[in-house]
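Shown next, in structure tokens, is the structure this report addresses.
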Amino acid sequence: MNNIVQIRLDNELKIKATTLFERMGLDLSSAIRLFLNKAVQTDGIPFSLNNENEYNYLSAVDNMLAMQQEAAKSGASKMTLDEINAEIAAVRKSRKGKM
């Protein structure tokens, strides 16, 4: 079953993110799914969180491109949302058995 997730963004952030991801061949929803898949795969936030005040745009683009290439290699970029959710559920189920 597909689920809908809604988030609130200010218009400027949405426009900037949409423009960025479109240059990379992604729509906003695909980019968010890619981020969520990588977070589940790494079992955490898939990038460093620190106190740097300067945003490193090139690093963010490099990371996104690397995630996009990794998803393409693993076949994840062609997965349906149902397949992605089933994979996430299987990982969660296997982790519960280890606790």
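Note that CG of N85 is 10.0 Å distant from CZ of R33, once rounded to the nearest 0.5 Å. Taking CE of M24 as the reference point, atom OG of S30 lies at 11.5 Å (rounded to 0.5 Å).
Within 6.0 Å of CD on E87 lie no more than 12 heavy atoms contributed by other residues, nucleotides or ligands.
Partners of E70 according to the salt bridge (charged side-chain N to carboxylate O under 4.0 Å, His left out) rule, which considers only residues two or more places apart in sequence or in another chain, are K38. In this structure A17 satisfies the side-chain contact (heavy atoms from CB on, under 4.5 Å) test together with F21, L28, sequence neighbours excluded. For K16, the side-chain contact (heavy atoms from CB on, under 4.5 Å) partners are E12, not counting sequence neighbours.
Judged by distance alone, with hydrogens and angles left aside, the side-chain atoms of E83 form a donor-acceptor pair with the main-chain N or O of T80 at under 3.5 Å.
Two residues are said to be in side-chain contact when any heavy atoms from C-beta on lie closer than 4.5 Å; D43 and R95 meet this criterion.
Checking T18, L20, I32, L34 one by one against L26, the side-chain contact (heavy atoms from CB on, under 4.5 Å) holds for a single residue, L34.
By the criterion of side-chain heavy atoms lying less than 4.5 angstrom apart, applied directly or through intervening Ile, Leu, Val, Met, Phe, Trp or Tyr residues, I4 is not grouped with L9; the two fall into different hydrophobic clusters. A continuous path of ILVMFWY side-chain contacts below 4.5 Å connects L36 to F47, so both sit in one hydrophobic cluster.
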